[in-house]
*Asks:* 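Following this message is one structure expressed as structure tokens.
Chain naming here is simple, since letters A, B, ... match the order of the sequence lines and numbering starts at 1 in each.
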Amino acid sequence: MPELPDVEVFRRYLSSTALHQQIDSVNVVESSILKGVSTSKLKKSLEGERFLSAERYGKNLFVETSGRYWLRLHFGMTGFLEYFKKHNDIRHVRVLISFKNGYKLAYVCQRLLGQVSFEKSVDDFVSANGLGPDAMQVKLKDFRNIVDGRSAIKSLLMDQKKIAGLGNIYADEVLFQSKVHPKAACSRLGDDKVKEIYKNISKVINYAIKKKADPSKFGKNYLLPRRSTSDKCPNCGGAIKKIKVSGRSSYYCPACQKK
DNA sequence: AAAATCACCTGTCCGC
DNA sequence: TGCGGACAGGTGATTT
């Protein structure tokens, strides 16, 4: 689930729920989810503190604390947050933060592909990991420079070091909206197509956020709810095709999206 | 240099 | 009903 739009929805969710409440206790249920921080340090550094604000960069959620660190949450393929008072049937809770007001915030991650860490700042993490510009903030000038070389356009859109935030399904959606084949070589795209892809990145992201990143709420001209070879292209009615690009399943319309 | 492969994990679905 | 394999919205290391 968690690509940029999902994480942005999580950010807004956390901002409207868990901010400003004093943390009573932290329970690390599965310590293998922690990266570069021990269970005891996480507990010691969070207990008694409060969350002050929440930011997002790419697919990462950063929560500012009243202590020394920012808490970074990455959600892998299956992560999400749940804020609740009474709830006893949530599976795969990996970190549980209890607040003095009686509520709890659960970081849930079924496949353990997510990460929880402490960072000095958002900028620190971004530069240390060489992340590209956030997909919601990137300027056309910079995007033009990024789209270069022989690589397939979809691989580039998914490369977090080039542009941060898009993943497998939103990269597919952007290319579908732009009528560009996922394997099209970057260097062979005309400037008009580059501009169209650029515009569709923000268009798709903003639309998805508005729909709470829930594909079942997407309109009929979107590919996202139709990621199946038994489905039809919403534009031309042709069959949706499935291929591998960068090892990931890619759905597209061969009639509308030519190389 | 880019793409394929594998590895990390858990769960579900499909075919035999 | 059971079992094996493929696959799932991420990412990093290693190999072609």
Side-chain angles (χ1 to χ4, degrees), chain A residues 1-11 29-36 56-61 72-81 89-95 107-117 125-126 128-132 134-135 146-177 181-189 201 204-205 207-209 211-218 222-231 240 242-252 259:
Chain A
M1 189 195 325
E3 298 181 34
L4 189 156
D6 310 87
V7 179
E8 178 60 22
V9 172
F10 298 161
R11 186 189 73 75
V29 182
E30 176 53 66
S31 62
S32 67
I33 208 76
L34 301 183
K35 290 291 169 306
R56 181 200 52 72
Y57 194 104
K59 303 174 189 174
N60 295 279
L61 179 57
R72 179 183 67 101
L73 304 173
H74 181 277
F75 298 92
M77 298 245 268
T78 53
F80 62 93
L81 297 172
D89 56 350
I90 312 178
R91 301 177 73 191
H92 314 301
V93 175
R94 308 309 187 184
V95 178
Y107 167 88
V108 184
C109 192
Q110 181 209 109
R111 285 174 67 188
L112 295 172
L113 297 172
Q115 303 181 346
V116 174
S117 68
F125 178 82
V126 170
N129 290 276
L131 294 186
D134 183 86
I146 292 163
V147 181
D148 188 29
R150 280 156 294 180
S151 79
I153 180 66
K154 182 178 172 186
S155 308
L156 182 131
L157 292 179
M158 288 196 300
D159 184 346
Q160 304 300 296
K161 291 184 161 69
K162 295 276 170 50
I163 175 171
L166 297 175
N168 194 37
I169 68 169
Y170 283 102
D172 274 359
E173 186 66 54
V174 166
L175 294 174
F176 175 76
Q177 297 295 328
H181 193 288
K183 279 193 171 171
C186 289
S187 55
R188 297 189 55 197
L189 292 169
I201 289 174
V204 166
I205 287 174
Y207 181 80
I209 293 170
K211 299 293 180 183
K212 296 277 159 58
D214 178 354
S216 70
K217 296 196 177 80
F218 281 43
Y222 284 82
L223 174 69
L224 233 137
R226 283 166 265 283
R227 296 176 62 76
S228 158
T229 50
S230 56
D231 252 306
I240 295 296
K242 178 185 180 182
I243 57 173
K244 290 268 184 203
V245 181
S246 288
R248 312 294 304 280
S249 292
S250 306
Y251 294 86
Y252 74 108
K259 276 192 193 170

*Asks:* Say we look at C:dG9 and B:dA2: how far apart would their P atoms be, to the nearest angstrom?
*Replies:*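 About 24 Å, rounded to a whole number of Å.
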*Asks:* What are the two closest non-hydrogen atoms of A:Pro182 and A:Ile153, and how far apart are they?
*Replies:*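 Reported closest heavy-atom pair: O-CG2, 3.5 Å.
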*Asks:* Could you give the distance separating B:dA4 and C:dC7 at their P atoms, to the nearest angstrom?
*Replies:* 15 Å
*Asks:* Please report the distance separating the C1' of C:dA6 from the corresponding atom of B:dT5, rounded so that it comes out in whole Å.
*Replies:* 16 Å
*Asks:* Restricting to non-hydrogen atoms, name the atom on A:Leu166 and the atom on A:Tyr170 that form the minimum distance, rounded to 0.1 Å.
*Replies:* CD2-CB, 4.0 Å
*Asks:* Using distance only, find each side-chain donor-acceptor pair of residues 244-251 of chain A under 3.5 Å and give its atom names and separation, not counting sequence neighbours.
*Replies:*
residue  : atom : partner  : partner atom : Å
A:Ser246 : OG   : A:Ser155 : OG           : 2.6
A:Ser250 : OG   : A:Lys154 : NZ           : 2.7
A:Ser250 : OG   : A:Arg248 : O            : 3.2

*Asks:* Any base atoms under 4.0 Å from A:Lys35, or only sugar-phosphate, or nothing? Heavy atoms, all strands.
*Replies:* nothing
*Asks:* Indicate yes or no for a side-chain donor-acceptor contact from A:Gln115 to the backbone of A:His74 under 3.5 Å, with no hydrogens or angles considered.
*Replies:* no
*Asks:* Would A:Cys109 and A:Thr78 count as a side-chain contact (heavy atoms from CB on, under 4.5 Å) here? Give the steps.
*Replies:* CA-CA 6 Å; A:Cys109 192; A:Thr78 53; 4.1 Å; yes
*Asks:* Which nucleotide of DNA chain C is the first, and which the last, in the 5' to 3' direction, to come under 4.0 Å of a heavy atom belonging to chain A?
*Replies:*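 Footprint of chain A along DNA chain C, 5' to 3': C:dA8 to C:dT11.
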*Asks:* Kindly write out the residues that satisfy salt bridge (Lys or Arg N to Asp or Glu O under 4.0 Å) with A:Arg227, not counting sequence neighbours, or none if the list is empty.
*Replies:* A:Asp172
*Asks:* Okay, side chain of A:Ser151, backbone of A:Leu156: is any donor-acceptor separation there less than 3.5 Å?
*Replies:*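 The answer is no, because no donor-acceptor pair under 3.5 Å joins these two groups.
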*Asks:* Could you walk me through whether A:Asp6 and A:Phe80 pass the side-chain contact (heavy atoms from CB on, under 4.5 Å) check?
*Replies:* CA-CA 9 Å; A:Asp6 310 87; A:Phe80 62 93; over 6 Å; no
*Asks:* Of A:Val116, A:Val29, A:Leu61, which is the lone residue that meets side chain to side chain contact (heavy atoms under 4.5 Å, CB included) with A:Tyr107?
*Replies:* A:Val116
*Asks:* What residues from residues 147-168 of chain A pass a heavy-atom cutoff of under 4.0 Å to DNA chain C?
*Replies:*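 Close to the strand are A:Gln160, A:Gly167, A:Asn168.
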*Asks:* Any sub-3.5 Å donor-acceptor pair from A:Glu8's side-chain atoms to A:Arg56's backbone N or O?
*Replies:*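 Between the backbone of A:Arg56 and the side chain of A:Glu8 there is no qualifying donor-acceptor contact (under 3.5 Å).
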*Asks:* Taking atom P in both C:dT11 and B:dA1, compute the distance separating them and give it to the nearest angstrom.
*Replies:*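 Rounded to whole Å, the distance is 22 Å.
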*Asks:* Which heavy atom of A:Ile209 sits nearest to which heavy atom of A:Pro5, and what is that distance?
*Replies:* CG1-CA, 3.9 Å
*Asks:* Collect all protein-nucleotide pairs involving nucleotides 6-10 of chain B in which both atoms are nitrogen or oxygen and the distance is under 3.5 Å.
*Replies:*
residue : atom : partner  : partner atom : Å
B:dC9   : O2   : A:Arg111 : O            : 3.3
B:dC9   : O2   : A:Arg111 : NE           : 3.0
B:dC9   : N3   : A:Arg111 : NH2          : 3.4
B:dT10  : O2   : A:Gln110 : OE1          : 3.1

*Asks:* Of all the heavy-atom pairs spanning A:Met158 and A:Gln160, show the shortest one and how long it is.
*Replies:*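 Shortest heavy-atom contact: O-NE2, 3.1 Å.
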*Asks:* Just to be sure I understand: a Watson-Crick pair is purine N1 to pyrimidine N3 plus N6-O4 or O6-N4, both under 3.5 Å. Using that and G-U wobbles, which stems of three or more pairs involve DNA chain C?
*Replies:* B:2-8 with C:10-16, B:10-16 with C:2-8
*Asks:* Pick base, sugar-phosphate or nothing for A:Thr78, based on heavy-atom distances below 4.0 Å to the nucleic acid.
*Replies:*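 The answer is nothing, as A:Thr78 stays clear of every strand by at least 4.0 Å.
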*Asks:* Can we call the ring centroids of A:Phe218 and A:Tyr207 under 6.0 Å apart?
*Replies:* yes
